[in-house]
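Report on one structure; see the data block that follows.
These numbers come from the heavy atoms of this one structure, side chains and all, not from hydrogens, waters or symmetry mates. Order of the sequence lines sets the chain letters (A, B, ...), proteins ahead of strands, with each chain counted from 1.
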2 protein chains.
Amino acid sequence: MEDYNDKQLSIITVAERLFAEKGFHGTSVRDIAQEADVNIAMISYYFGSKDKLLEAVFRHRMYASRAFINELVQNDTMAPLEKIYSLIDRFINKMLNEQNFQCIMSREQLNKEQSPVRDLIWQLKGEMLGLMRPIVTNAQDAGTFTTDVDVEMLLTTLFGTIHQTIPAQHVLRTYPENAHMNDEEFKEYLRLRLSTHLKKLFKAILTHEF
Amino acid sequence: MEDYNDKQLSIITVAERLFAEKGFHGTSVRDIAQEADVNIAMISYYFGSKDKLLEAVFRHRMYASRAFINELVQNDTMAPLEKIYSLIDRFINKMLNEQNFQCIMSREQLNKEQSPVRDLIWQLKGEMLGLMRPIVTNAQDAGTFTTDVDVEMLLTTLFGTIHQTIPAQHVLRTYPENAHMNDEEFKEYLRLRLSTHLKKLFKAILTHEF
DNA sequence: TTGTTTTAATTAAACGTTTGTTTAACTTTG
DNA sequence: CAAAGTTAAACAAACGTTTAATTAAAACAA
């Protein structure tokens with residue numbers, strides 16, 4: 001698994017970008033072939049079909065997501081809130097670094113009919129929850145965090161806020177006060193704003209006594 | 001404006017559902033015509049094109065959204081936090097009652113190329129922000145709310161959390177602990193869970209001293 | 001009311017493209 | 001020489017849209 005040659009990787013990369021920009025059905029295999037500079041037939045030859053190509057795009061990023069989960073620091077000297085902060089920053093970085101993939105996820109999770117891709121999405125979300133829940137519950141048992149918090153909804157808030165911010169970028173970019181920034185500065189500005197907001201939010205609800 | 005006959009309304013309603021379920025490009029005009037029980041040509045006849053039909057679906061719901069904004073209670077005897085609570089509940093109700101439209105919004109806001117529909121979305125979001133900001137800033141001036149809160153991001157969190165919850169329903173529904181509920185009970189359970197979570201979240205960040 | 005004319009609604013069929021996929025011939029590689 | 005890679009061309013199916021013919025409704029004059 002995961003041993004793609006240059007041409008295959010080029011197809012996957014271009015497909016990811018186009019699927020993100022115009023949606024799966026809004027992108028034709030001819031679009032992909034042209035931008036990846038390969039013959040149309042190569043897509044079927046390497047991936048079997050357009051649907052299988054989408055699956056390949058997914059599984060490609062999924063490996064990175066699995067790695068992300070596994071390399072979680074098990075540093076027990078860290079305070080619970082610091083762990084949460086670290087988790088938030090890692091989520092933000094990951095999502096801002098793979099915006100195209102996150103766009104596809106946002107789209108595909110809306111499909112009502114079951115599909116391999118849809119199953120993969122919710123499987124991944126379940127794994128992310130398994131990452132966050134023990135941190136919270138351990139801190140709750142230790143009396144550091146408040147007990148009446150819905151961890152599943154908290155993760156939904158984390159994902160939702162970041163996923164909403166991704167498409168909002170193009171609007172924020174047009175604000176006159178952001179006009180002076182170049183792409184790198186703007187990305188950093190966005191990262192900081194998201195990070196600050198989410199950390200405040202999580203600190204408030206996790207440590208605020210009602 | 002907004003004076004559609006039964007057949008036109010039927011087309012709009014069916015189109016809204018199918019666009020939400022399978023996406024704009026994933027839905028053919030033949031699908032829509034068949035489910036709405038009209039001839040294919042009637043879609044072009046009434047709306048001009050498939051794109052214009054999507055616009056019609058949008059403008060149709062947009063009127064309701066504008067009405068939603070305007071009928072905001074200007075009750076000044078309400079405490080700021082109560083106003084926020086009321087706003088949250090109204091957002092949740094609105095979004096759960098027009099899930100198909102919210103699905104389409106989630107999808108269409110991801111499109112990178114500018115379009116009339118995309119413009120309408122961000123225009124609407126701006127208006128929602130104009131609804132929430134004065135409540136917060138007034139309470140900040142009065143010393144009731146903390147001052148270091150990013151209102152724009154807070155609205156992003158509100159939208160994002162609800163928008164993430166909509167597709168999550170199908171997964172939640174399969175949980176064994178939710179199997180006993182009928183559709184109405186489940187919808188109420190969802191509404192309550194969202195409401196409780198978001199109110200706690202907003203109260204914590206708006207009143208918690210750092 | 002009547003018959004007539006104009007407008008709107010509705011239809012099946014056809015339009016020209018574009019779609020995803022396959023074929024069969026060809027080139028490169030090992 | 002065999003296997004893998006690559007290509008232009010062709011494939012049938014589906015796409016959004018239009019056409020031309022027909023029916024229904026509305027408007028109007030007698």
message: Under 4.0 Å, counting only non-hydrogen atoms across every strand here, what does Ile40(A) touch: a base, just sugar-phosphate, or nothing?
response: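 Counting heavy atoms under 4.0 Å across all strands, the contact made by Ile40(A) includes a base.
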
message: Need one value for Tyr46(B): base, sugar-phosphate or nothing, where a base atom within 4.0 Å counts as base even if backbone is also close, heavy atoms only.
response: sugar-phosphate

message: For a quick test of reading the model, state the closest non-hydrogen atom pair linking Lys50(A) to His25(A) and the distance between them.
response: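 Residues Lys50(A) and His25(A), closest heavy atoms: NZ-CA, 4.0 Å.
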
[X] has an atom [atom1]; how far is it from atom [atom2] of [N], in whole Å?
X        : N       : atom1 : atom2 : result
Ile32(B) : dT17(D) : CD1   : P     : 10 Å
Asn39(A) : dT28(C) : CG    : P     : 15 Å
Glu55(B) : dG16(D) : CD    : C1'   : 17 Å
His25(B) : dA14(D) : NE2   : C1'   : 15 Å
Lys50(B) : dT18(D) : NZ    : P     : 15 Å
Arg30(A) : dT22(C) : CZ    : C1'   : 12 Å
Met42(A) : dT28(C) : CE    : P     : 14 Å
Ile43(B) : dA9(C)  : CD1   : C1'   : 15 Å

Taking 4.0 Å as the cut-off, does a side-chain nitrogen or oxygen of [X] come that near to OP1 or OP2 on [N]?
X        : N       : result
Lys7(A)  : dT6(D)  : yes
Tyr45(A) : dT6(D)  : no
Ser28(B) : dA14(D) : no
Ser49(A) : dG20(C) : no

Partner of Leu158(B) by side chain to side chain contact (heavy atoms under 4.5 Å, CB included), out of Leu154(B), Ile162(B), Thr156(B): Ile162(B)

- request: Answer yes or no: is there an ion pair linking Lys52(B) with Glu55(B), defined by an N-O contact shorter than 4.0 Å?
  value: no

Geometric class of the Phe159(A)/Phe91(A) ring pair [parallel <30°, tilted 30-60°, perpendicular >60°]: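 Judged by the thresholds at 30° and 60°, the geometry between Phe91(A) and Phe159(A) is perpendicular.
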
- request: Could you please name the option among dT11(C), dA9(C), dT21(C) that lies closest to any side-chain atom of Ala41(B)?
  value: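 Of dT11(C), dA9(C), dT21(C), dT11(C) is nearest to the side chain of Ala41(B).
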
- prompt: Ignoring hydrogens and geometry, is there a side-chain-to-backbone donor-acceptor pair from Glu21(A) to Leu18(A) under 3.5 Å?
  reply: no

message: Both Ser44(A) and Gly26(A) contact DNA chain C. Which one's nearest nucleotide lies toward the 5' end?
response: Gly26(A)

